[in-house]
**Q** 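Dropping a structure here in structure tokens format, bear with me for questions.
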Amino acid sequence: MSKPEDLGDANGDADRGDLSGDLRSVLVTSVLNLEPLDEDLYRGRHYWVPTSQRLFGGQIVGQALVAAAKSVSEDVHVHSLHCYFVRAGDPKVPVLYHVERTRTGASFSVRAVKAVQHGKAIFICQASFQQMQPSPLQHQFSMPTVPPPEELLDHEALIDQYLRDPNLHEKYRVGLNRIAAREVPIEIKLVNPPALNQLQTLEPKQMFWVRARGYIGDGDIKMHCCVAAYISDYAFLGTALLPHQSKYKVNFMVSLDHSMWFHAPFRADHWMLYECESPWAGGSRGLVHGRLWRRDGVLAVTCAQEGVIRSKPRVSESKL
């Protein structure tokens, strides 16, 4: 297992530089920054609200993990978390996070976090932390072979390319303009972006390079895990929509649960490959799996999520 300070070279992000003068990531200074109110009680603000006018689930997961991490010692780090979204979040008011110190052991510690608005829980989470331990038992899948991020268009440039195509259908144009208007604190480069004539035959799979905007540094492993929690929810459940978007219009889509397993240290402000696939959808739900890979081929994080997806058939255009 690589040391955190070694990850800069392994991830190959020398172009970005690890200079203290770099712009500090807004994910650290704002998005995941919590205000302490009392022991194990914090208040979080909102940075970005989706067009659905519900709180972005990734921010709730990330903030909850920040709160949990503040209650454990420096020598233990999160290895898994399991969350349920139980009510829609209100973007007009802050979120209160209450941490329960369920267990503090010699090797493992467990924390429960409840996120509350208007006196009711909107989100509950269990996070388990472990003191790093060596093990002779090691294996992992192989990282997919894909073009490096330097050879790919960023999200903004790719959307602009689609929008300039005169053959783009209006139903896609509206959605792309909506995505382009978002100001999110992460950078994305889609691997194998589909051409317009492929949008109706997509598999429920996608891969993209992703990293936090700005500089985080290598001194805080816990913060990189919290940033990865934020990143992991972005465009994740949408993987289940890919084979159906030409025939069905989504009326309602929201996360039900979200789980993560952290395997190796990483830098969330360096490019990581997010490999997403949806093995099943049905019953107005969709299931997605994800893997976050470091550039050196190390599997850093595994994710899983199920969400509600309600849709209706798209109305066919009149040929008269």
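Counting from 1, the numbers follow the sequence of the chain as shown. Just so you know, these numbers come straight off a predicted model, no measurement behind them.
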**Q** Do you know which two heavy atoms are closest between F236 and V288, and how far apart they sit?
**A**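 Looking at all heavy atoms of both residues, the closest pair is O-CG1, 3.6 Å.
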
**Q** Counting only heavy atoms from other residues, nucleotides and ligands, does the tally under 6.0 Å from OH of Y84 exceed 12?
**A**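 No.
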
**Q** For L299 versus Q140, what's the shortest heavy-atom pair and its separation?
**A**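 Taking L299 first and Q140 second, the nearest heavy atoms are N-OE1, 3.0 Å.
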
**Q** Under 3.5 Å, side chain of K222 to main-chain N/O of V76, donor-acceptor pair present?
**A**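 Pair found, side chain donor or acceptor close to backbone of V76.
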
**Q** Would you compute the distance between atom CG of L27 and atom CG of N33 and round it to the nearest 0.5 angstrom?
**A**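 Reported to 0.5 Å precision, the distance equals 11.5 Å.
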
**Q** Sequence neighbours excluded, which residues qualify as side chain to side chain contact (heavy atoms under 4.5 Å, CB included) partners of A88?
**A**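 Checked A88 against side chain to side chain contact (heavy atoms under 4.5 Å, CB included); matches are R54.
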
**Q** Looking only at atom types and distance, does a side-chain atom of H46 sit under 3.5 Å from a main-chain N or O of V93, one as donor and one as acceptor?
**A**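 Flag set: sc H46 to bb V93 pair under 3.5 Å.
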
**Q** Let me know which of W293, Y274, Y234 forms a ring pair (Phe, Tyr, Trp, His ring centres under 6.0 Å) with F208.
**A**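 Among W293, Y274, Y234, the one that satisfies the ring pair (Phe, Tyr, Trp, His ring centres under 6.0 Å) with F208 is Y274.
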
**Q** Indicate the atoms forming the closest heavy-atom contact of S128 with H79, along with that distance.
**A**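 Closest approach of S128 to H79, heavy atoms only: OG-NE2, 2.7 Å.
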
**Q** Would you name the heavy atoms of P36 and Y42 that are closest together and state the gap between them?
**A**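 Heavy-atom minimum between the residues: CA-CD2, 3.7 Å.
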
**Q** When rounded to the nearest 0.5 angstrom, what distance separates CZ in F252 from OG in S284?
**A**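 If I round to the nearest 0.5 Å, the distance is 10.5 Å.
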
**Q** Using only atom types and a distance under 3.5 Å, with no angle test, would you say the side chain of Q59 pairs donor to acceptor with the backbone of R45?
**A**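 Judged by distance alone, yes, a pair lies under 3.5 Å.
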
**Q** For the pair H224 (side chain) and G217 (backbone), establish whether a donor and an acceptor sit closer than 3.5 Å, ignoring hydrogens and angles.
**A**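 Yes: the side chain of H224 pairs with the backbone of G217.
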
**Q** Between R43 and Y97 (side chain of the first, backbone of the second, donor and acceptor by atom type, cut-off under 3.5 Å), is there such a pair?
**A**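 Not a single qualifying donor-acceptor pair exists.
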
**Q** Counting only N and O atoms by type, is there a donor-acceptor contact under 3.5 Å from the side chain of K189 to the main-chain atoms of P149?
**A**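 Between the backbone of P149 and the side chain of K189 there is a qualifying donor-acceptor contact (under 3.5 Å).
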
**Q** Measure across A235 and Q206 and return the closest heavy-atom pair with its distance rounded to 0.1 Å.
**A**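 Answer, listing the atom of A235 first, then Q206: O-NE2, 3.0 Å.
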
**Q** Working note: R267 + D269, criterion salt bridge (Lys or Arg N to Asp or Glu O under 4.0 Å); need CA distance, chi angles, decisive distance, verdict.
**A** CA-CA 5 Å; R267 286 280 300 269; D269 55 351; 2.8 Å; yes

**Q** Which pair of non-hydrogen atoms, one from V95 and one from Q117, has the smallest distance, and what is that distance?
**A**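 For V95 versus Q117, the nearest heavy atoms are CG2-NE2, 3.5 Å.
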
**Q** Step by step, would you call H258 with Q305 a side chain to side chain donor-acceptor pair (under 3.5 Å)?
**A** CA-CA 4 Å; H258 190 85; Q305 184 179 104; 2.6 Å; yes

**Q** Measure from the side-chain N and O atoms of S25 to the backbone N and O of R213, and report whether any donor-acceptor pair falls under 3.5 Å.
**A**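 Flag set: sc S25 to bb R213 pair under 3.5 Å.
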
**Q** Does the separation of the ring centres of Y230 and F56 fall below 6.0 angstrom?
**A**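 That pair passes the under 6.0 Å test.
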
**Q** List the residues meeting side chain to side chain contact (heavy atoms under 4.5 Å, CB included) with S259, not counting sequence neighbours, and say none if there are none.
**A**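 Here the qualifying residues are H82, W261.
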
**Q** To the closest 0.5 Å, what do you measure between OG (S311) and NZ (K249)?
**A**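 Going from the OG atom of S311 to the NZ atom of K249 covers 11.5 Å.
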
**Q** For residues I124 and L81: do they belong to one hydrophobic cluster (side chain heavy atoms under 4.5 Å, members Ile, Leu, Val, Met, Phe, Trp, Tyr)?
**A**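 Unlinked, I124 and L81 end up in two clusters.
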
**Q** Sort out for me which residue in V86, L237, V308 forms a side-chain contact (heavy atoms from CB on, under 4.5 Å) with L256.
**A**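 Among the candidates, only V308 passes.
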
**Q** Please examine the side chains of E306 and W280, heavy atoms only from C-beta on, and report whether any two atoms are closer than 4.5 Å.
**A**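 W280 vs E306: side chains touch.
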
**Q** Got a second to check how far I60's CD1 is from F85's CZ, nearest 0.5 Å?
**A**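 That separation rounds to 7.5 Å.
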
**Q** Is the number of heavy atoms from other residues, nucleotides or ligands under 6.0 Å of K205 NZ greater than 12?
**A**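 Count not over threshold, so no.
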
**Q** May I ask you to check whether over 12 heavy atoms, not counting those of F141, lie within 6.0 Å of atom CZ?
**A**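 Incorrect, the count does not exceed 12.
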
**Q** For the residue pair F266 and F262, does the interplanar ring angle fall in the parallel (under 30°), tilted (30 to 60°) or perpendicular (over 60°) class?
**A**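 Parallel: the ring planes of F266 and F262 meet at under 30°.
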
**Q** Hey, is the main chain of C226 close enough, under 3.5 Å, to the side chain of Q63 for a donor-acceptor pair?
**A**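 No, because the side chain of Q63 does not come within donor-acceptor range (under 3.5 Å) of the backbone of C226.
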
